[in-house]
Amino acid sequence: MSNSIVTYCKLHKIPILLALLSLGFYYTFAYHLNRTDFIKLISLFGALFFLCYKLIQFEKWNFKFLLAVGLLFRLLFLFIEPNLSQDYFRFIWDGELVRNFINPYLDVPNTLITKKDLIIPNADVLYHGMGELSAKHFSNYPPLNQFIFGLCSYLGGQSILGTLIAMRSIIIISDVGIIYFGRKLLKNLNLSPHLIFWYFLNPLIIIELTGNLHFEGVMLCFFVVSMYLLSVKKWMFAAGIYALSISVKLIPLMFLPLFLKHLGIKKSLLFYSVVAVTSLVLAAPFITTGFVENYSETVGLWFSNFEFNAGFYNIIKEIATRFDAKPWELIKTYGNAVPYTVILFVILITFLRKNQNLSVLISSMLWILTAYYLLATIVHPWYIVFLVFLTIFTNYRFSIVWSLMVILSYYAYSQTDFKEHLGILSVEYIFVYGFLISELFSHHGQKLLFRKK
């Protein structure tokens, strides 16, 4: 046994060294990094991205090795609180409410914290940790996500760290599900199965999901299962699983019109019915007076009140301010126009592309989500995770470039007033737009870095 290990290490010396170096960088990222240290943050991230590429380059056919190192990178974060995001305080807060049969959509934390009979463990820590912005708004996390929060709070007892471990365990298990069904889907689409490692080993995915506890990975796990079921013609089961994906994060909702052409009118109506019924069943425990109003109000804020790492919007704002436009009026006007613009784009993609083919369907999803994020006023780094996943099933790789460049948006967190630097954001979007345009209009847009053998 020991001789075989020694032999393996000799044959794979460079990949093992790269993996150990990555482990060191991830350890530093998890335990010795403050998000205000922007230079250290982007240096570590850039190094990890390069090492990710080299590991895939050297060992792309060695599934067990890449799976093992990907899991090790994630497990490093298991026992530490996130250092780049404070959202987890709200996750635990909502989870404690659900665990105690309190509807998280009916009262904002600012109201609940004043109640003397509030039975949430660590309420003061959670309330102050989530920040003023979160504390004054209703929860915007869909029903299944709330159930997951509640389950994790139950498993964690009254310990914040225990709850975080439960949350991370679910996110890691989801990533394992993604790599399992993602490889099967790639094979069914006649694509190389090693491409899934551009998701599984991507530092953005590891840091933002396992590290910072965002649940896009759970959503994607249900999503990829649904897409796999579609690939084997089990569309009724796919519909139910697709509803679970929507009930974790709402983003897959915008892809629903695409199934009209993919399945045909009769099947698509049944597909939509299953999605609707499943979604209603999951939402039923929370539906009461005020639920729809409060939830829609909170979701609407993301279109018309907040801005972060915006691309096209910052260009519009820069031009508008030269004509004395008022920023608070501009964002409302612009934000209200974005949904209608995206809806129009979805309709065009639905009827103008050959979405009967599953490969085309997935690429249509990629273009819809890309258009939305390029127009959106808020593009948090973890939003790009879905784009990275979709792109591995297509011939485009611009979202992998975006997954590298989006780390520049963390500059705002190094400032006491969270003020963004338009010059730094420009660098991010110049690379993203440049690579996107080169892939769209040039036969040589597929860089050697991402070319499939």
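Model, not experiment: these values are computed from the prediction.
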- Task: Please assess Trp402 against Leu436 for the test side-chain contact (heavy atoms from CB on, under 4.5 Å), listing each intermediate value before the final yes or no.
- Result: CA-CA 10 Å; Trp402 202 347; Leu436 173 58; over 6 Å; no
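Of all heavy-atom pairs between Ile170 and Val218, the closest is CG2-CG2, 4.0 Å. Taking all atoms of both residues into account, the shortest heavy-atom contact from Asp175 to Gly217 is OD1-CA, 4.4 Å.
Heavy-atom neighbours of Lys54 NZ from other residues, nucleotides or ligands within 6.0 Å: above the threshold of 12. In Phe50, the CZ atom is not crowded: 12 or fewer heavy atoms of neighbouring residues, nucleotides or ligands sit closer than 6.0 Å. Atom OH of Tyr154 has 12 or fewer neighbouring heavy atoms from other residues, nucleotides or ligands inside a 6.0 Å radius.
Residues Ser153 and Arg99 have side chains that never bring a donor and an acceptor to within less than 3.5 angstrom of each other.
The backbone N or O of Trp367 lies less than 3.5 Å from no partner atom in the side chain of Tyr396, so there is not a single donor-acceptor pair. Side-chain atoms of Ser245 come within 3.5 Å of backbone atoms of Met219 as a donor-acceptor pair (strictly under, hydrogens ignored). The backbone N or O of Asn140 sits less than 3.5 Å from a side-chain atom of Tyr295, completing a donor-acceptor pair. Side-chain atoms of Glu216 never come within 3.5 Å of backbone atoms of Leu209 as a donor-acceptor pair (strictly under, hydrogens ignored). Here the side chain of Ser247 pairs no donor or acceptor atom with the backbone of Ser279 at under 3.5 angstrom. At distances below 3.5 Å, at least one donor-acceptor pair connects side-chain atoms of Lys261 with backbone N or O atoms of Phe351.
If you look at Phe286 and Phe147, their ring centroids are closer than 6.0 Å. Remark: aromatic rings of Phe91 and Tyr141 are close, center separation under 6.0 Å. For an aromatic pair to be called close, the ring centres must be under 6.0 Å apart, and Phe435 with Phe398 fails this. With ring centers used as reference points, Phe291 lies under 6.0 Å from Tyr105. In this structure, the ring of Phe386 has its center no less than 6.0 angstrom from the ring center of Tyr372.
Evaluation of the salt bridge (charged side-chain N to carboxylate O under 4.0 Å, His left out) rule for Arg35 yields no partner, not counting sequence neighbours. For the salt bridge (charged side-chain N to carboxylate O under 4.0 Å, His left out) test, residues two or more places apart in sequence or in another chain that qualify with Lys317 are Glu307.
If you run side-chain contact (heavy atoms from CB on, under 4.5 Å) between Ile362 and each of Ile392, Leu258, Leu189, only Leu189 comes through. The side-chain contact (heavy atoms from CB on, under 4.5 Å) with Phe312 is formed by just one residue from the set Leu374, Thr377, Leu375; it is Leu375.
Between Tyr413 and Phe418 the shortest side-chain heavy-atom distance falls below 4.5 Å. Here the side chains of Ile179 and Phe63 are in contact, with some heavy-atom distance below 4.5 Å. Counting heavy atoms from C-beta on, the side chains of Val98 and Leu151 never come closer than 4.5 Å. No side-chain heavy atom of Phe345 sits under 4.5 Å from any side-chain heavy atom of Thr341. Side-chain contact between Val406 and Tyr373: absent, with no pair of heavy atoms (C-beta onward) separated by less than 4.5 Å. For the pair Arg90 and Leu133, the minimum side-chain heavy-atom distance is 4.5 Å or more. By the 4.5 Å heavy-atom criterion applied to side chains, Tyr383 and Glu208 are not counted as neighbours. Contact annotation: the side chain of Leu164 approaches that of Pro82 to within less than 4.5 Å [non-hydrogen atoms, C-beta and beyond].
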Which donor-acceptor pairs under 3.5 Å do the side chains of residues 225-239 make with protein atoms, sequence neighbours left out?
| from | atom 1 | to | atom 2 | distance (Å) |
| --- | --- | --- | --- | --- |
| Ser226 | OG | Ala238 | O | 2.8 |
| Ser231 | OG | Asn188 | ND2 | 3.0 |
| Ser231 | OG | Tyr228 | O | 2.5 |

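Here the OG atom belonging to Ser174 is positioned 7.0 Å from the CZ atom belonging to Phe222, to the nearest 0.5 angstrom.
The aromatic rings of Phe259 and His262 stand perpendicular to each other, their planes meeting at an angle above 60°, with 30° marking the opposite boundary.
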